[in-house]
*Asks:* 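Attaching a single structure in structure tokens format; questions to follow.
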Amino acid sequence: MLWLVWLYLWYLQSGALGFGINPFSGESFNHQTITERALLNVTAQVCRALALAEGKDFIFPAQPFTAKSIANACEAPKSYKFFLPNILYIQSMNAAVDLRRLFEARYHCDDELLIEGRRLITDGLSAVKAANKKQSFLAARLTLGGILHTLQDFYSHSNWVELGNKFPNINMIRQNANMGNIADETTATCRSCNGDDCRNNILEDVISRNILTSGYFVVWPLSSNKPKGKCSHGGFFDATSSVEPKGGINKDALDASHGYLHEKAAELAIAATSQLLEDIRGASGDREFLQLMGISKGSSKALCFVVDTTGSMGDDIAAVQNVTSTIIDNKVGTEDEPSLYILVPFNDPDFGPLIRTTDAEDFKRHIYSLRADAGGDIPEMSLSGLQLALTGSPPNSEIFLFTDAPAKDEYLKNSVIALIEQSKTVVNFMITNVLGFRHRRQADENQHQLQTERMARADSQLYRDLAQASGGQAIQVSKNQLLQATNIIIESTSSSLVTLLQANRNMGRPEIYTFSVDDTLTDLIIYITGSSVDFTLVNPSGELHNSTSTGSSIITDELVGNLRTLRLRAQVGLWELRIGSTNPYNMMVVGQSPIDFIFRFMVQSQGPLGGFDLLENRPTAGSNTSLQVTLLEADSSTVTEVTLVESSGSGQVNGLVEAQGGGQYWVQFDKIPSVEFVVLVKGQIINSTTSGASSVTFQRQSTTSLRASALTVTVSDTEYILEPGTPLLVPFSVMTTGDGGNFVIKATNDQGFELTFPSSLTLESGGSANGTARITAPSTSQSGTGVTLTIEAEAPGGADTNYDVLHLTVLPKVTDFSPPVCQLVSLQSNCSDNCNQSMWELSVEVTDGENGTGIDLISLREGNGILNSNMTTANGSVTLVSYNASCCSPNVQIVVVDLVGNVEVCSYSVAPIVSPTISPTVGSTVKPSSSTTTSSSRAVEPCLVVLIMMILGLMLGCEMG
Ligand SMILES: *[C@@H]1O[C@H](CO)[C@@H](O)[C@H](O)[C@H]1NC(C)=O
Ligand SMILES: *[C@@H]1O[C@H](CO)[C@@H](O)[C@H](O)[C@H]1NC(C)=O
Ligand SMILES: *[C@@H]1O[C@H](CO)[C@@H](O)[C@H](O)[C@H]1NC(C)=O
Ligand SMILES: *[C@@H]1O[C@H](CO)[C@@H](O)[C@H](O)[C@H]1NC(C)=O
Ligand SMILES: [Ca+2]
Ligand SMILES: [Ca+2]
């Protein structure tokens, strides 16, 4: 532990590479803060624009913004649960650039590799836009985090700030633009600092000629490769800074070489990050931008069905259709409206395609067009369908899979578990006509007798295993009970659903469970799946309840198939559930509450800077581990205890909890359970309405079961962009802390792209080996398609596996880097004193240039008039746009996007009438201006100030364009 603390201090002191990435970096801005500020800022701007467009007010919350305050301001309070993890993820992908690519100067705008750094940013930006267009948001967030790092480093590592710039360099995000005058190799840029004082180490000549440079950096103890006369990055780790010219120019922290400019650099980095996000917003559209952030009205949760459509599924499909109608009819327009609808049909041998829509009626149409047909033999491609659903739905989703047959593609099991663990998605299996149920069947089901043979108990074990791994349930019912069972489960799913306790027993034995119910919980439910599972429930008052004597606490006790549902009257305090069954069962206690938590395993980075990297696969068995826990609703509650609990037994490991402020907790564990486990969090809710120190204990448990592995699978150094027709090499390494032998390698991808990989690797005990997978997208594959590649290694015997999951984006080589151009054709108005009774109109010609990809999208951002556009040439190269509006809405912003996402925002205004003496009659004062940044000016009052500003604007217009 002590050396860890020492490492922190060392790291803090160094200021290292780029704004710090350490979450505990005191007064200085780090990459996480810079990223968060910009994400919150632009999200607020987008929500404001949407509110104004709907004629509503938007009230900015108090500074500093938080994910919660912005979600509330966006009128999507429940989205907070998704928005916050998305911010954390983008921050982690940003920090990972320091942890994973420390030695590659271009990723940090070091060594004067500014053109190369920009290339990374603009390529990544194209990929983000393409991925957004295909709603591949996870891949978009991943790439976004990485490019933001390089962009932010420009302001800390280059001399942009020293050159006196007050605004960000927009050309850092524009591929073909002139970035400025970059120092060539022979131009000296620095002199040695005066001892520790580096205020004047950049040569006057460089400043006066406006030459751009950045510091050289080599991690000590490697030796310096700095050309003569060049500036260094500076700081403890930098081996170049002790070579003439000594010192450095980085502004990473307050105590860095140019620490006196740290705050300015950080401000510019925030503004530049906002600018890049604005560009993404322009390309994707406002609502899509909010989807990328995880903000949507309603529950923000996706509704995802994976449906067997083979011949025997007629009744099941009817039930799915009925459930869909019920949900859509009951939830659309309410707080629990799904933000996204996903359908994946599967058959045999076909499966998919994945259908994803935000339109409830559209989804209904797809569901109602499902037909039961074909399928050949009994087993079907259920895991292929599930894999597609897992990669195509947002993290933390809930999936419902309907089938009456075993899986034909069982070989995907580990890959599916990997995706479940990574996405923390819950999968519920709705299984009909199981052999084990035959003796209970009703006479009226005789027509289904044939299908009852379809699935033996052993076959459904696979589904039970997957359900258990995900924290879902495997519900087995007859076909005529399916509707009822599905309704029970779906009813409780909402974004405020929390799990208090869940346990699985493959061999039951008498057992007593306890759980704390707090006063924020409503709709408390216990689900018990399994056959003939007897229970006794004891409420905090000590009253006993069972199936024959339901007492005061059980509102209803319902048994459908193997699913028992107990709805409880919530009573604050400690409850006890005794189960005496020897049959296998799954038991879970759920409720609705705003108090929940997010957790992420973090690993100590192997790099010289230390720091913690997000762990996206299984933690290493037998070793200590760190968990970052974030409490939602942190204002009113605190975490006191975090435990890793074995999901199938009673073993547990307690962590050492350390509060970091703002709802963040850092938890250290000496070891990890050797079998599947879940994370259990306990804490106190402070009741502020009572004056005394009253508090209530709460508990929440993670749904996903996790496990440790002696293996590590690491993909290092790969690009995330897949160019159609060109193979992408994915080098990976497999490491074991256990025995050696022959390790089986399996790689799969959800798009069925050509994929080769070594079928096995030989490892020595405690050793490692490298392999390379090779994936090729067909030359016809569409830009923006998300590809999830899972590489999995299996230790001899098959009991231990680990994996790495990669999210790639298909992106054909981008050659069009020029935004479309707007040309004003005419602007007319008859604006009078009474703006309500007068109109103005304009017409604009929009083109994407000769080598452009063509206009893809034209939309209105500001102005509540009517926009019309007509393609005037067949290939879409020229578009005539007309706009007319009331004179009460004197400004308009037209957002024009080409096919690869280059954005132009064209702004026009009509002068309001001020007084009869100044006002022109027809034609009026025109301010055609065009810029790629939005002005966030509020609705303009018709007053003299505005007129003066407009005249100034006219005068300055040509220079600034
Ligand atoms: C917030 O974002 C807007 C654009 O959405 C930008 O104009 C503004 O500069 C940003 N604010 C800060 C503090 O970066
Ligand atoms: C769903 O099923 C219930 C019960 O059988 C029935 O009353 C209802 O009309 C059905 N709804 C739809 C939309 O099919
Ligand atoms: C249920 O509880 C009642 C009263 O506490 C008891 O008499 C009965 O035997 C219990 N039944 C079962 C099935 O445990
Ligand atoms: C706070 O405590 C009071 C009195 O015990 C209770 O009535 C109220 O519901 C509690 N409020 C919350 C938010 O827990
Ligand atoms: Ca089949
Ligand atoms: Ca273009």
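We count ligands from 1, going down the list as the structure has it; atoms in each ligand are counted the same way. Treat the numbers as computed from the prediction; the structure is a model and nothing was measured.
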*Asks:* Are the side chain of H262 and the backbone N or O of A256 linked by a donor-acceptor pair below 3.5 Å?
*Replies:* no
*Asks:* N/O/S of P379 less than 3.0 Å from the Ca ion (ligand 5)?
*Replies:* yes
*Asks:* Is the distance from the Ca ion (ligand 5) to the nearest N/O/S atom of G376 under 3.0 Å?
*Replies:* no
*Asks:* At a 4.0 Å threshold, what atoms of ligand 1 neighbour a non-hydrogen atom of A271?
*Replies:* 14 (O)
*Asks:* Angle at the Ca ion (ligand 6): provide the value between O of S818 and OD2 of D848, rounding to 10 degrees.
*Replies:* 150°
*Asks:* Within ligand 1, which atoms have a heavy atom of N41 less than 4.0 Å away?
*Replies:* 1 (C), 2 (O), 3 (C), 8 (C), 10 (C), 11 (N), 12 (C), 14 (O)
*Asks:* Can a salt bridge be assigned to the pair K251 and E267 using a cut-off of 4.0 Å between side-chain N and carboxylate O?
*Replies:* no
*Asks:* Has N347 got a side-chain atom pairing as donor or acceptor with T309's backbone, closer than 3.5 angstrom?
*Replies:* yes
*Asks:* Are side-chain N/O atoms of N94 and Q152 paired as donor and acceptor at under 3.5 Å?
*Replies:* yes
*Asks:* Please name the atom of E380, limited to N, O or S, that comes nearest to the Ca ion (ligand 5).
*Replies:* OE1
*Asks:* Please check: side-chain N/O of T33 versus main-chain N/O of F29, any donor-acceptor pairing under 3.5 Å?
*Replies:* no
*Asks:* Between the Ca ion (ligand 5) and D348, which N, O or S atom of the residue is the nearest one?
*Replies:* OD2
*Asks:* Specify which N/O/S atom of D898 comes nearest to the Ca ion (ligand 6), by atom name.
*Replies:* OD2
*Asks:* Please say whether E278 places an N or O atom under 3.5 Å from an N or O atom belonging to ligand 1.
*Replies:* yes
*Asks:* Please work out which of the three classes, parallel, tilted or perpendicular, describes the rings of Y155 and W160, given edges at 30° and 60°.
*Replies:* perpendicular
*Asks:* Where the side chain of N902 meets the backbone of D816, is there a donor-acceptor pair that is under 3.5 Å apart?
*Replies:* yes
